[in-house]
Amino acid sequence: MALPALHPIVDSARELAPLIHAASDEIEETRRIPYELDAKLEAAGLYQLYLPEAYGGPQADPRSAASAIEEISMADGSTGWVCMIGSVLSRRFAWMDPNAVHEMQAMTGSLRAAGSNRALGRAQREGEGYRVNGRWNFQSGIEHSSWMFGNCVLMDGDEPQRDDNGVPRTRAAAVPVRDGEIIDTWHVVGLKGTGSFDFEIDNLYVPPERTVSRLEPPAIESPLYRARFYGIWSHTVHAGCALGIARGAIDELRDLASGRGSTGSRTLLRDRERVQRMVGEAEAILRSARAYLLDAVSEAWEASERRVANPTREIANVRLAITHAGHESARAVDLAFSAAGTNAAHTANRLERYFRDVHVAVQHAAAAPGNYEGAGRVFLGLPSGLPGW
């Protein structure tokens, strides 16, 4: 069966890639995306790939979204990461009351969001709404965002509310970024340009229509907004970011190899058998991981479209493909870095940046090694043993 055409948003990402690449050094140095480039990315919809069409978003399918993030990440890993995180958060609006979303859009002029799934806040019931306090780290792109989704533990006095299994209940509160405090904590080895600062809310009232839980039915019907597939569509774009960084590293090596020898030899890198072998291996690794990801995502998308009663195997397959893509991307970058020899150590070329970026990217939960075990359990006919599968 032929795969459907990719969403036009992929072409938009490809068209902006040269501008992103040209700004990469500035992004690295300032730890944020320049405002002029940021405006172009936002206008193209690349920070909101999963935002519903009803609110002006692309509502891109996961395969297209991953491909768009891949194109951006080839040019600059940090920019790809910020677009990836923003796109994941943009899907939350599909679970909210449409009237509330339109009011939010009118209130700030934008639905661009940062946020976190980790419940680092506390929400106390007050009237119909909630009194929210909390501090969330890793808020990628927060400086340019208009809204922040902070996941909170629902409190009953000093104790958390708990479900029937004793697990604390949580709910995400959407708050205007201007109503909180951005705290500069982002001093890191890789993905420096993501501006993933902390964000703090102090005693802020949040009306009920600006809170959301993915355990409730979405307000918009689409295979993209089905709760069972929530986790894998979030992490599919993470894999796109890792794959893009790896492709950028191989391309950087190719350019470097055409004009450089090394401290020990004037022979161009491209003319050395060792380098040729490592580039071939890196290509095979990367292309195989990418093909597996897109194949698994396509199967899961079809299962979501058909409303398969028990899509556990399809979900496990995508989880495995995502984790595999992350770690294989890092392996491909390691090969490119090693093939460059002493040249790889110099910041004058960007190979070392791709190296740092990919190794930070695979620290994300999307690439958690436990996903290998969870997928293996499913394929052996056992429960995954992991939440959200």
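Side chains are part of it too, since the values below use all heavy atoms of this structure and drop only hydrogens, waters and symmetry mates. Given the structure is predicted, the values throughout are model-derived calculations rather than measurements.
The hydrophobic clustering, which links ILVMFWY residues whose side-chain heavy atoms are closer than 4.5 Å, places Trp147 and Trp136 apart. With hydrophobic clusters built from ILVMFWY side chains whose heavy atoms lie under 4.5 angstrom apart, Val212 does not share a cluster with Leu204. A single hydrophobic cluster is seen to contain both Tyr130 and Val177, as judged by linkage of ILVMFWY side chains at heavy-atom distances under 4.5 Å, directly or through other members. In the hydrophobic cluster analysis, where Ile, Leu, Val, Met, Phe, Trp and Tyr join through side-chain heavy atoms closer than 4.5 angstrom, Trp186 is grouped together with Ile142. In the hydrophobic cluster analysis, where Ile, Leu, Val, Met, Phe, Trp and Tyr join through side-chain heavy atoms closer than 4.5 angstrom, Phe138 is grouped apart from Ile85.
Counting only residues at least two apart or in different chains, salt bridge (Lys or Arg N to Asp or Glu O under 4.0 Å) contacts with residues 313-323 are absent. Applying the ring-ring contact (aromatic ring centres under 6.0 Å, His included) definition to pairs two or more places apart or across chains, those involving residues 42-69 are Tyr55-His102.
Here the CG atom belonging to Leu335 is positioned 10.0 Å from the CG atom belonging to Leu253, to the nearest 0.5 angstrom. Interatomic distance, CE of Met104 versus OG of Ser110, reported as 10.0 Å (0.5 Å rounding). Rounded to the nearest 0.5 angstrom, Ile69 CD1 and Ser64 OG are separated by 11.5 Å. Distance check: Lys192 NZ to Asp357 CG gives 9.5 Å after rounding to the nearest 0.5 Å. We find the NE2-OG distance between His7 and Ser67 to be 12.0 Å, quoted to the nearest 0.5 Å. Here the CE atom belonging to Met74 is positioned 11.5 Å from the CD1 atom belonging to Ile245, to the nearest 0.5 angstrom.
Panel note: side chain Asp97, backbone Asn99; a donor-acceptor pair is recorded below 3.5 Å. Although no hydrogens or angles enter the test, the distance criterion places no donor-acceptor pair under 3.5 Å between the side chain of Ser213 and the main chain of Ala172. No donor-acceptor distance shorter than 3.5 angstrom exists from the side chain of Ser24 to the backbone of Ile20, with no hydrogens or angles considered. When atom types are taken as modelled, the side chain of Arg377 and the backbone of Leu386 share no donor-acceptor pair closer than 3.5 angstrom. The main-chain N or O of Gly129 is found under 3.5 Å from a side-chain atom of Tyr205 such that the two form a donor-acceptor pair. Panel note: side chain Gln139, backbone Ala114; no donor-acceptor pair is recorded below 3.5 Å. Not one N or O on the side chain of Ser304 forms a donor-acceptor pair closer than 3.5 Å with the backbone of Ala300. Put simply, the side chain of Asn117 never gets that close to the backbone of Asn151: no donor and acceptor are under 3.5 Å apart. Under the 3.5 Å distance criterion, the side-chain polar atoms of Ser146 are matched with a main-chain donor or acceptor of Arg112.
Ionic pairing of Asp334 and Arg331 is not present here: no N-O contact between side-chain nitrogen and carboxylate oxygen is shorter than 4.0 angstrom. A salt bridge is defined here as a Lys NZ or Arg NE, NH1 or NH2 lying under 4.0 Å from an Asp or Glu carboxylate O, and Glu70 with Arg290 meets this definition. A salt bridge links Arg307 with Glu221; the closest basic N to acidic carboxylate O contact falls under 4.0 Å. Taking 4.0 Å as the cut-off between side-chain N and carboxylate O, Arg32 and Glu26 do not count as a salt-bridged pair. Salt-bridge annotation for Arg277 and Glu273: absent, with no side-chain N of the basic residue lying under 4.0 Å from a carboxylate O of the acidic one. Salt-bridge formation is not detected for the pair Asp156/Arg162: no Lys NZ or Arg NE/NH1/NH2 atom is positioned less than 4.0 Å from an Asp or Glu carboxylate oxygen.
For the residue pair Ser384 and Val378, the shortest heavy atom distance occurs at CB-CG2, 3.8 Å. Nearest heavy atoms, Ser12 versus Ala44: CB-CB, 4.4 Å. Of all non-hydrogen atoms in Ile315 and Trp389, the two that sit nearest each other are CG2-O, 4.1 Å. Residue Leu286 comes nearest to Ala332 through the heavy atom pair CB-CB, 4.5 Å, listed as atom of the first residue, atom of the second, then distance. In terms of heavy-atom proximity, Leu111 sits nearest to Leu51 at CD1-CD1, 4.2 Å. Heavy-atom minimum distance, Ala242 versus Ala325: CB-O, 4.5 Å.
Side-chain contacts under 4.5 Å among hydrophobic residues (ILVMFWY), followed directly or transitively, place Met155 together with Val153.
Residues Asn137 and Thr185 have side chains not in contact (no heavy-atom distance under 4.5 Å, counting atoms from C-beta outward). Using a 4.5 Å cut-off on side-chain heavy atoms (C-beta onward), Arg171 and Cys152 make no contact. Put simply, the side chain of Pro160 does not reach to within 4.5 Å of the side chain of Arg169, judged on heavy atoms. Contact of the Phe93 side chain with the Ile220 side chain is not registered, since no non-hydrogen atoms from C-beta on lie closer than 4.5 Å. Proximity of Asp76 to Ile33: side-chain heavy atoms (C-beta onward) are nowhere separated by under 4.5 Å. With contacts defined as side-chain heavy-atom distances shorter than 4.5 Å, the pair Glu28/Arg356 qualifies. When side chains are defined from C-beta on, Leu269 counts as touching Asn343, because their heavy atoms get closer than 4.5 Å. Arg210 is listed as a side-chain neighbour of Met107, based on a closest heavy-atom distance under 4.5 Å.
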Exercise for review: List the steps, then state whether side chain to side chain donor-acceptor pair (under 3.5 Å) holds for Arg91 with Ser234.
Suggested key: CA-CA 9 Å; Arg91 192 171 35 148; Ser234 295; 2.3 Å; yes
Practice item. Would you please test Arg247 and Glu252 for salt bridge (charged side-chain N to carboxylate O under 4.0 Å, His left out) and show each step? Key: CA-CA 9 Å; Arg247 171 52 60 196; Glu252 183 75 17; over 6 Å; no
Exercise for review: For Arg274 and Ser338, run side chain to side chain donor-acceptor pair (under 3.5 Å): C-alpha distance rounded to whole Å, both residues' side-chain angles, the deciding distance at 0.1 Å, then the answer.
Suggested key: CA-CA 10 Å; Arg274 172 181 175 273; Ser338 179; 3.1 Å; yes
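Under the 30°/60° scheme for interplanar angles, the aromatic rings of His238 and Trp81 are found to stand perpendicular. Using bins of under 30°, 30° to 60° and over 60° for the plane-to-plane angle, the ring pair Trp301/Trp233 lands in the tilted bin.
Proximity of the aromatic rings of Trp95 and Phe149 is defined here by a centroid distance below 6.0 angstrom, and this criterion is not met.
For Asp158, the CG atom is loosely surrounded, since the number of other residues' heavy atoms within 6.0 Å does not exceed 12. Within 6.0 Å of CD on Glu126 lie more than 12 heavy atoms contributed by other residues, nucleotides or ligands. Summarising the local packing, CZ of Arg14 is surrounded by more than 12 heavy atoms from other residues, nucleotides or ligands at distances under 6.0 Å.
Figure legend: Arg135 and Phe199 shown without cation-pi pairing, the cationic atom not lying both under 6.0 angstrom from the six-membered ring centre and within 45 degrees of its axis.
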